[in-house]
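Remarks on the structure that follows.
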Amino acid sequence: MKKETITLALTGNPNSGKTTIFNNLTGTRQHVGNWPGVTVEKKEGTVLYNGYRLRVVDLPGTYSLTAYSIEEIVARRFLVDAKPEVVVDIVDASNLERNLYLATQLIELGVKLILVLNMADVANARGHQINADVLGKLLGVPVVFTVGTRNEGTKALLDKVVEVAEDRDTVSRHIHISYGHEMEKEIKNIQDVIWQDPSIGQRFSTRWLAVKLLENDTAVKERVHEFGEIGGKILDQAEASRTRLNEFYQDDPEMVLTDQRYGFIGGALKEVLKISSQSKFDLSRQVDLVLTNRILGFPVFVFFIWAMFQLTFTVGAYPMDWIDAGVGWFGALVSGLLPPGLLRDLLVNGIIAGVGSVIIFLPNILLLFFCISLFEDTGYMARAAFIMDRVMHVIGLHGKSFIPMLMGFGCNAPAIMATRTLESERDRLLSILINPLISCSARLPVYILLAGTFFGASAGNVIFSIYALGIALAIGVGKLFRVTLFRGEIAPFVMELPPYRVPTLKSLLIHMWDRSQIFLRKMGGVILVGSIVVWFLGAFPRNVELSVGQGADKVGVTGGQVVPVTVDGSHEPLPSTPLALGDNREQAMEQARLEKSFLGKLGHAIQPVFDPLGFDWRTSVAVLTGFVAKEIVVSTLGVLHATGADANEESEALRRSLRASGMTPLGAYALMAFVLIYIPCLATVAVIRRETNSWKWTGFSVGYSLVLAWGVSCLIYQGGLFLGIGI
Ligand code: GDP
Ligand code: MG
């Protein structure tokens with residue numbers, strides 16, 4: 001009998017190579033990462049093999065099948081409810097003892113299992129000799145060796161999948177891991193009650209149910225509760241059995257079961273695993289002696305972060321200049337091709353200027369994500385989490401929560417998604433709520449513009465202080481929420497330190513690209529629309545008399561210098577002294593017109609709210625449009641200061657206008673703080689909504705950040721005035 005479709009689920013510990021094998025099997029490209037739990041949602045792909053349609057599901061990585069983390073719940077629910085025909089457990093062959101723990105639970109679940117010993121190359125290099133035949137016989141599970149990175153063993157695995165699905169495999173048999181006399185007696189007692197309703201036994205392995213109940217597994221208890229009257233009886237029996245075992249062992253039955261499983265694995269490995277002594281030298285361990293050293297670890301980590309930002313901003317500055325020049329050139333070109341009028345204005349001052357002012361950050365963002373991918377793929381990210389563990393405990397989170405925080409420097413949206421790897425729902429919510437305080441790369445243009453304009457040579461330090469403010473607030477707010485909203489103990493947790501690996505360039509690039517996509521999509525969507533809306537509000541109602549005339553109406557930036565560009569695209573020399581605003585009649589007229597536009601009216605309407613923070617009406621509008629995305633703050637300021645709207649943080653005309661508008665260094669600092677604290681962008685809000693699955697928490701996140709932003713900015717501005725700074 002030939003089956004048409006075979007569903008096979010890939011399970012395994014995080015980092016055992018599931019995604020790599022998934023890609024080998026299906027030929028698709030998925031995220032490959034080297035720290036716990038990159039895959040949280042299950043991914044699917046299909047492959048046609050020997051006339052079969054194999055549906056491959058990549059489940060999230062888990063160490064066990066308890067119900068303590070989202071990954072475990074997702075994986076277990078799929079195995080129990082979707083009942084895949086074949087379950088493939090991907091095991092890191094160089095770390096058998098730990099990896100086989102999951103296998104013992106899969107065996108118990110009674111699924112048709114194949115054990116894949118992946119990373120056979122690593123195991124070999126470490127001198128591990130594994131007798132696969134004996135292992136397979138002991139476990140009653142067929143064993144296949146693979147090297148995921150070299151696509152070795154893929155065909156053998158596919159063949160095995162078909163064999164097992166068709167029950168043609170000779171090794172497969174169902175074994176019981178023996179838990180000792182007392183435990184087995186109670187398992188039997190519970191099974192007896194379960195068997196009173198035979199329909200349960202058809203849906204679940206009764207032994208598995210009994211064991212889970214002895215472990216006091218909440219998810220299983222809820223399921224059993226839904227069985228109705230019989231469910232109540234089963235639960236009563238389970239409770240009685242647990243009490244008895246507790247007395248007998250003087251320990252929680254769950255602990256006893258865990259010990260027994262490790263005992264079983266230890267026994268099996270004695271028979272099948274030989275480690276030749278000369279290759280016990282473990283490079284990862286040697287490197288860790290330095291990188292996770294109590295004293296050296298932290299400075300080394302700070303150095304890496306520093307290097308990451310250096311690379312991002314110094315190397316990123318070159319392509320930034322090119323793109324900047326390119327955007328200026330393109331604007332001038334379109335300007336030259338089209339007759340003056342609304343359409344040209346929309347294209348040049350709305351779309352090209354708006355999207356252009358954002359696209360120049362693409363190199364920085366790609367570089368930042370490249371560095372983060374490098375940390376992940378080499379295995380350093382897990383060490384960073386380990387090092388930061390003590391620091392994170394200050395806000396009642398453990399080191400693992402640090403990874404999303406670090407990613408927040410790139411973009412808060414994927415960072416918030418990365419919180420999925422946290423076990424406790426409470427930790428996860430807390431991490432989501434404070435993540436937006438980590439200053440993402442989209443906020444940087446605002447800082448560069450303001451700090452560069454008002455703080456001259458110390459701009460770098462000022463920007464650094466804003467980042468530091470964000471971190472300090474994240475810690476403060478985290479601590480506050482911990483003692484008010486999310487009270488309770490920190491769940492103890494072992495940080496898995498995967499071995500260091502040399503990542504492939506391909507996987508680094510794929511990884512970087514996956515992350516950057518959110519940014520690119522934002523640019524094509526929200527930012528494009530935002531730019532058009534801002535332009536529209538600024539361009540109407542339109543007084544034709546006052547509209548910008550021909551001639552030097554476009555200011556392009558070339559190599560960081562401001563050069564008025566005439567319609568034919570030729571450059572005029574830079575004026576040696578900066579122009580005062582009044583010198584440029586056209587600009588003054590444009591300013592007057594803007595003040596009467598929708599945008600101007602809106603600004604004047606909301607300005608009173610921001611008065612205590614020292615924001616004028618233009619700044620108020622910019623802050624409002626910044627709700628869409630922080631990058632838009634800069635382009636809005638550009639439009640409102642009527643500097644030809646090709647504003648970016650290097651535009652000298654905008655800088656001059658800002659200084660002339662009465663903004664002071666103190667006011668600029670208050671604005672930077674405001675931009676730092678209130679919600680990063682609509683995309684982030686959407687992600688928060690999706691990840692918390694709650695409008696309440698989403699609203700709370702937006703609300704508290706607005707209040708905090710207003711409060712902190714007000715404190716800075718009024719405090720500064722009081723102290724007599726920045727008049
Ligand atoms: P997952 O977390 O189980 O999905 O694991 P991944 O597929 O993301 O793999 C984790 C890391 O192990 C990646 O850096 C892979 O390139 C690497 N890897 C996967 N299979 C092998 C293998 O057989 N040998 C070696 N040396 N590395 C592997
Ligand atoms: Mg994966």
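The residues of the chain are indexed from 1 along the displayed sequence.
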Under a 3.5 Å threshold, yes or no: a donor from one side chain and an acceptor from the other, between [X] and [Y]?
X      : Y      : answer
Thr146 : Glu152 : no
Asp92  : Asn99  : no
Ser16  : Asn118 : no
Gln237 : Ser241 : yes
Thr206 : Gln191 : yes

Answer whether the closest heavy-atom distance between the side chains of [X] and [Y] falls below 4.5 Å.
X      : Y      : result
Val256 : Met183 : yes
Leu157 : Val88  : yes
Ile234 : Ile200 : yes
Leu214 : Ile190 : yes
Leu433 : Phe486 : yes
Asp89  : Val116 : no
Leu213 : Leu235 : yes
Phe145 : Leu115 : no

Next item on the list: Please identify each residue that fulfils salt bridge (Lys or Arg N to Asp or Glu O under 4.0 Å) with Asp192, with sequence neighbours left out.
Entry: Lys188
State whether the side chain of [X] and the backbone N or O of [Y] hold a donor-acceptor pair below 3.5 Å, judged by distance alone.
X      : Y      : answer
Thr698 : Ser694 : yes
Lys83  : Arg203 : yes
Asn246 : Pro253 : no
Asn412 : Ile438 : yes
Asn24  : Gly148 : yes
Gln105 : Ser64  : no
Ser401 : Leu397 : no

Do NZ/NE/NH1/NH2 and the carboxylate oxygens of [X] and [Y] come within less than 4.0 Å?
X      : Y      : answer
Arg482 : Asp427 : yes
Glu44  : Arg55  : yes
Arg428 : Glu691 : yes
Asp169 : Lys112 : no
Arg244 : Glu247 : no
Glu108 : Arg76  : no

Table please: side-chain donor-acceptor pairs of residues 133-142 below 3.5 Å, with sequence neighbours left out.
none

Margin query: For the aromatic rings, using the six-membered ring if either is Trp, is the centroid distance between Phe386 and Phe301 under 6.0 Å?
Written below: no
Margin query: Between Arg261 and Glu215, is the salt bridge (charged side-chain N to carboxylate O under 4.0 Å, His left out) condition met? List the steps.
Written below: CA-CA 13 Å; Arg261 287 189 193 115; Glu215 283 177 354; 2.8 Å; yes
For the [atom1] atom of [X] and the [atom2] atom of [Y], what is their distance to the nearest 0.5 Å?
X      : Y      : atom1 : atom2 : answer
Ile434 : Met405 : CD1   : CE    : 4.0 Å
Thr378 : Glu376 : OG1   : CD    : 9.0 Å
Phe227 : Leu209 : CZ    : CG    : 6.0 Å
Leu106 : Leu79  : CG    : CG    : 6.5 Å
Ser94  : Arg126 : OG    : CZ    : 4.0 Å
Arg690 : Thr692 : CZ    : OG1   : 11.0 Å

Check: Cation-pi between Arg98 and Tyr63: NZ/CZ under 6.0 Å from ring centre and within 45° of the ring axis?
Finding: yes
Notebook entry, point to check: Does NZ or CZ of Arg383 lie under 6.0 Å from the centre of the six-membered ring of Tyr500, at an angle within 45° of the ring axis?
Noted result: yes
In terms of relative ring orientation, are [X] and [Y] parallel, tilted or perpendicular, with 30° and 60° separating the classes?
X      : Y      : value
Phe204 : Trp208 : parallel
Phe700 : Phe481 : tilted
Phe375 : Tyr380 : tilted

Please give me the minimum heavy-atom distance between [X] and [Y], naming the atom from each residue.
X      : Y      : answer
Gly45  : Phe22  : N-CZ, 3.5 Å
Asp58  : Lys18  : OD1-CB, 3.5 Å
Thr62  : Leu65  : OG1-CD2, 4.3 Å
Val162 : Arg168 : CG1-NH2, 3.7 Å
Val161 : Val86  : O-CG2, 3.9 Å
Leu374 : Pro503 : CD1-CG, 4.2 Å

Next item on the list: Step through the shown structure and confirm whether more than 12 heavy atoms of other residues, nucleotides or ligands are within 6.0 Å of CZ on Phe298.
Entry: no
Next item on the list: Look at atom CZ of Arg77 and say whether more than 12 heavy atoms of other residues, nucleotides or ligands are closer to it than 6.0 Å.
Entry: no
Note to self: For residues 223-232, which residue pairs pass the side-chain hydrogen bond (donor to acceptor under 3.5 Å, both in side chains) check, not counting sequence neighbours?
What the structure shows: Asp81-Arg223
